[in-house]
Amino acid sequence: NVLRLNADMSEHSLSSSLTYIAQNGALTIAQIVEEDLFKVGYGASGTVILLADSTEFEFRADLDGDSAVDTLHYYLSDTAAAGGTQNPEDRILYRALNGGIPQVLDLGITKFNLSYFDVAGDSLALPVTVGDIRQIRIDLVVESAEPYDSSYAKAFLPLRIRPKNL
């Protein structure tokens, strides 16, 4: 029946669109975070990692190549901060440069979990000794802001970053 075929195609199109939006959001966030974290310690001396937790990371580096050391702080909100969507699990990732007003990355993040590894690649237990960190893993999950058939489109993107200056 033509009507049923049309309805099926519309449903598939909506589902595909929501999946694409989640995947694109995950990729956008991953590109920003990966570029920043790859620079941890660049041009800085002394202690370069200031805070390393499961949902928060703060470090020092010359991020823009101007010979001035910057401080960059990533931290994740609770679910109440992203109350403008139907997804009860989404959160906001904040990116605060030099203590200024944070950039808001509200692309449907439901998980932004950080873990840390030493020079041998062994996992470090929280709380970590920041001087032991040589690699950073981020498990990133982005979901659609709106459900389709009572579920949310999801994109999972694991990152493992090895900053050159650690």
Side-chain angles (χ1 to χ4, degrees), residues 19 21-85 87-145 152-166:
T19 300
I21 290 168
Q23 290 171 343
N24 194 47
L27 185 57
T28 298
I29 293 165
Q31 289 172 331
I32 293 168
V33 173
E34 185 174 37
E35 181 178 334
D36 286 341
L37 294 188
F38 190 71
K39 297 176 184 175
V40 171
Y42 176 71
S45 59
T47 303
V48 295
I49 297 176
L50 306 175
L51 175 65
D53 202 349
S54 62
T55 59
E56 195 169 1
F57 189 72
E58 185 174 17
F59 66 94
R60 297 173 56 244
D62 178 5
L63 294 171
D64 53 11
D66 65 357
S67 299
V69 176
D70 301 297
T71 300
L72 188 59
H73 186 191
Y74 277 98
Y75 56 101
L76 192 64
S77 76
D78 60 14
T79 55
T85 71
N87 190 330
E89 299 300 321
D90 61 352
R91 301 163 185 267
I92 296 172
L93 180 64
Y94 295 101
R95 180 187 181 272
L97 180 62
N98 296 322
I101 296 172
Q103 177 184 3
V104 175
L105 301 173
D106 59 348
L107 297 171
I109 297 170
T110 57
K111 182 178 181 182
F112 182 82
N113 190 49
L114 297 151
S115 51
Y116 307 95
F117 301 85
D118 64 16
V119 69
D122 296 327
S123 181
L124 297 170
L126 293 174
V128 299
T129 303
V130 294
D132 292 342
I133 297 173
R134 295 296 178 271
Q135 300 174 35
I136 304 158
R137 179 185 167 108
I138 303 167
D139 289 325
L140 176 66
V141 177
V142 173
E143 293 182 6
S144 61
Y152 296 87
K154 184 182 292 190
F156 173 70
L157 188 59
L159 300 170
R160 186 134 176 185
I161 302 163
R162 295 167 182 83
K164 287 183 176 183
N165 300 290
L166 287 182

Inset, instruction - If a pair satisfies salt bridge (charged side-chain N to carboxylate O under 4.0 Å, His left out) and one of its residues is in residues 32-53, list it, with sequence neighbours excluded. - result: E35-K39, D36-R95
Legend entry - Residue pair D62 / G43: nearest heavy atoms and the distance that separates them: CB-CA, 4.4 Å
Inset, instruction - For residues G121 and F117, report the shortest heavy-atom separation together with the two atoms involved. - result: O-CD2, 3.4 Å
Legend entry - Pairs meeting criterion side-chain hydrogen bond (donor to acceptor under 3.5 Å, both in side chains) with involvement of residues 110-133, two or more places apart: none
Inset, instruction - Side-chain contact test, heavy atoms from C-beta onward, threshold under 4.5 Å: evaluate it for P163 versus I136 and give yes or no. - result: yes
Inset, instruction - Can you measure from CG (L50) to CD (E58) and round to the nearest 0.5 angstrom? - result: 5.0 Å
Inset, instruction - Let me see the working for Y74 and F57 under ring-ring contact (aromatic ring centres under 6.0 Å, His included), right down to the final yes or no. - result: CA-CA 5 Å; Y74 277 98; F57 189 72; 8.1 Å; no
Inset, instruction - Please report the closest heavy-atom contact between S45 and R60, naming both atoms and the distance. - result: O-NH1, 2.9 Å
Legend entry - Residue pair S77 / F112, side-chain heavy-atom distance below 4.5 Å: no
Inset, instruction - Please assess V48 against N165 for the test side chain to side chain contact (heavy atoms under 4.5 Å, CB included), listing each intermediate value before the final yes or no. - result: CA-CA 9 Å; V48 295; N165 300 290; over 6 Å; no
Inset, instruction - Sort and list the pairs that fulfil salt bridge (charged side-chain N to carboxylate O under 4.0 Å, His left out) and have at least one residue in residues 156-166, not counting sequence neighbours. - result: none
Inset, instruction - Look at atom OH of Y42 and say whether more than 12 heavy atoms of other residues, nucleotides or ligands are closer to it than 6.0 Å. - result: no
Legend entry - Heavy-atom closest pair, residues L140 and A26: CD2-O, 3.5 Å
Legend entry - Given L159, I161, I32, the one that forms side-chain contact (heavy atoms from CB on, under 4.5 Å) with L37: I161
Inset, instruction - Check step by step if side chain to side chain contact (heavy atoms under 4.5 Å, CB included) holds for I109 and D90. - result: CA-CA 5 Å; I109 297 170; D90 61 352; over 6 Å; no
Legend entry - Closest heavy-atom pair and its distance - A52, V130: CB-CG1, 4.2 Å
Inset, instruction - Hey, could you give me the CD/CZ distance between E143 and R91, rounded to the nearest 0.5 Å? - result: 11.0 Å
Inset, instruction - Side-chain contact test, heavy atoms from C-beta onward, threshold under 4.5 Å: evaluate it for Y94 versus L105 and give yes or no. - result: no
Inset, instruction - With the side chain counted from C-beta on, respond yes when V128 and I133 share a heavy-atom pair under 4.5 Å apart, and no when they do not. - result: yes
Legend entry - Q31 vs L27 side-chain heavy atoms within contact, under 4.5 Å: yes
Inset, instruction - Calculate, to the nearest 0.5 Å, the distance between atoms CG and CZ belonging to L124 and R134 respectively. - result: 9.5 Å
Inset, instruction - Tell me, please, which residues at least two apart from R137 pass salt bridge (Lys or Arg N to Asp or Glu O under 4.0 Å). - result: D139
Legend entry - Distance-minimising heavy-atom pair for A30 and L157: CB-CD2, 3.3 Å
Enumerate, atom names and distances included, each donor-acceptor pair closer than 3.5 Å involving a side-chain atom of residues 65-73, sequence neighbours excluded.
residue, atom, partner, partner atom, Å
D66, OD1, A68, N, 2.9
D70, OD1, N98, ND2, 3.0
D70, OD2, L63, N, 3.2
H73, NE2, E56, OE2, 2.7

Inset, instruction - Could you tell me whether a side-chain N or O of N87 sits under 3.5 Å from a main-chain N or O of S144, the two making a donor and an acceptor? - result: yes
Inset, instruction - Applying side chain to side chain donor-acceptor pair (under 3.5 Å), name anything that partners N24, two or more places apart in sequence or on another chain. - result: none
Inset, instruction - Apply side chain to side chain contact (heavy atoms under 4.5 Å, CB included) to L93 and V33, showing your working. - result: CA-CA 10 Å; L93 180 64; V33 173; 4.1 Å; yes
